[in-house]
Asker: 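This is the structure, below, for whatever I ask next.
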Amino acid sequence: MGSVKGLKLHGMWASSFCIRVELALKLKGIPYEYVEEDLENKSQMLVHYNPVYKKVPVLIDDGKSIAESMVILEYIEDKWKDYPLLPEDLYMRAKVQFWAKFFDEKLVTNSRSILKYKGEEQEKAIKEFVENLTMLEEGIEKEFSGGKPFFNGERPGLLDLVVGSSSVWHRVLEDITGVKLIERQKNPLFYSWLAAFWDLEVVKDVLPSFDRLVAYAKHVREKASETTRA
Ligand SMILES: N[C@@H](CCC(=O)N[C@@H](CS)C(=O)NCC(=O)O)C(=O)O
């Protein structure tokens with residue numbers, strides 16, 4: 001399958017922000033060219049296309065760049081109508097956006113702290129992660145009537161992509177800390193959503209392997225402790 005003329009995604013294999021965009025493009029059946037970035041040695045193209053943040057993902061559509069994963073997802077959703085990722089109902093759309101923002105602001109921040117810190121700071125981040133996860137699960141159960149098998153119903157939508165793209169990272173953090181972050185007994189709904197998500201062929205295709213991610217996470221931790229020591 002060739003790519004849509006000029007459609008390119010600059011990404012990095014371990015980044016959940018990039019994975020959510022890749023999943024959206026694949027679910028909608030939009031062909032694109034993927035450019036892997038080395039974040040320790042960013043390409044001039046990345047700096048050129050995202051001069052403000054210099055981060056991945058960046059989508060280039062016919063020479064025009066779009067940065068920030070949630071902005072990219074909105075662009076993709078508006079431009080390619082097949083396989084809608086958002087509900088039609090405007091209020092439900094707002095709810096999806098609300099919980100996706102909550103996930104990025106709270107759970108992603110907690111995850112990054114769990115990854116980088118040790119000791120008390122890490123314990124605090126774990127506690128906050130678990131509390132925020134429960135809040136997310138309860139909120140979604142109430143507002144989406146415990147959507148099944150996915151967060152917002154029969155098919156995976158934007159919230160599934162946002163949350164699911166981080167799911168291997170959660171398992172890696174459990175491995176690093178030895179603490180269970182997502183438990184079948186404590187978070188049954190969340191657990192079943194993730195199981196349905198992992199079962200999708202497109203997800204198996206795009207999610208990085210656990211072992212590769214563990215090795216990468218160890219590297220990130222090592223670098224973070226060098227920075228703290230310096
Ligand atoms: N808010 C951004 C976050 C993107 C982000 O944090 N990307 C990381 C990789 S996971 C990155 O490019 N980091 C490079 C850097 O910080 O220099 C989004 O949603 O796209």
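Just so you know, residue 1 is the first one in the sequence shown, and it goes up from there. What you see below is based on every heavy atom in this structure, not just the backbone, and it leaves out hydrogens, waters and symmetry mates. Each ligand, and each atom within it, is numbered from 1 in the order the structure gives. All of these numbers come straight from a predicted model, not from anything done at the bench.
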Asker: Ignoring hydrogens and geometry, is there a side-chain-to-backbone donor-acceptor pair from Glu174 to Leu181 under 3.5 Å?
Answerer: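 Checking the backbone N and O of Leu181 against the side chain of Glu174, a donor-acceptor pair under 3.5 Å is found.
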Asker: Say you draw a straight line from CD1 of Ile76 to CG of Leu85; how long is it, rounded to the nearest 0.5 Å?
Answerer: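 The CD1 atom of Ile76 sits 8.0 Å away from the CG atom of Leu85.
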Asker: Would you check if Val172 and Tyr216 make a side-chain contact, meaning some heavy-atom pair closer than 4.5 Å?
Answerer: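 Not in contact.
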Asker: Could Lys101 and Phe98 be counted as a cation-pi pair, given that NZ or CZ must be under 6.0 Å from the ring centre and within 45° of the axis?
Answerer: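 That pair does not qualify as a cation-pi contact.
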Asker: Considering only N or O atoms, set out every pair between ligand 1 and the protein closer than 3.5 Å, with distances to one decimal place.
Answerer:
unit_1, atom_1, unit_2, atom_2, d
ligand 1, 1 (N), Glu68, OE1, 2.9
ligand 1, 1 (N), Glu68, OE2, 3.4
ligand 1, 6 (O), Arg112, NH2, 2.9
ligand 1, 7 (N), Val56, O, 2.9
ligand 1, 12 (O), Val56, N, 2.9
ligand 1, 17 (O), Lys42, NZ, 2.5
ligand 1, 19 (O), Ser69, N, 3.3
ligand 1, 19 (O), Ser69, OG, 2.7
ligand 1, 20 (O), Ser69, N, 2.8

Asker: Flag the pair Glu131 and Lys127 as a salt bridge only when some basic side-chain nitrogen lies within less than 4.0 angstrom of an acidic carboxylate oxygen.
Answerer: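 Yes, this pair counts.
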Asker: Tell me whether Lys106 is salt-bridged to Glu128, with the criterion being a basic N under 4.0 Å from an acidic carboxylate O.
Answerer: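 Salt bridge between Lys106 and Glu128, a charged N being under 4.0 Å from a carboxylate O: no.
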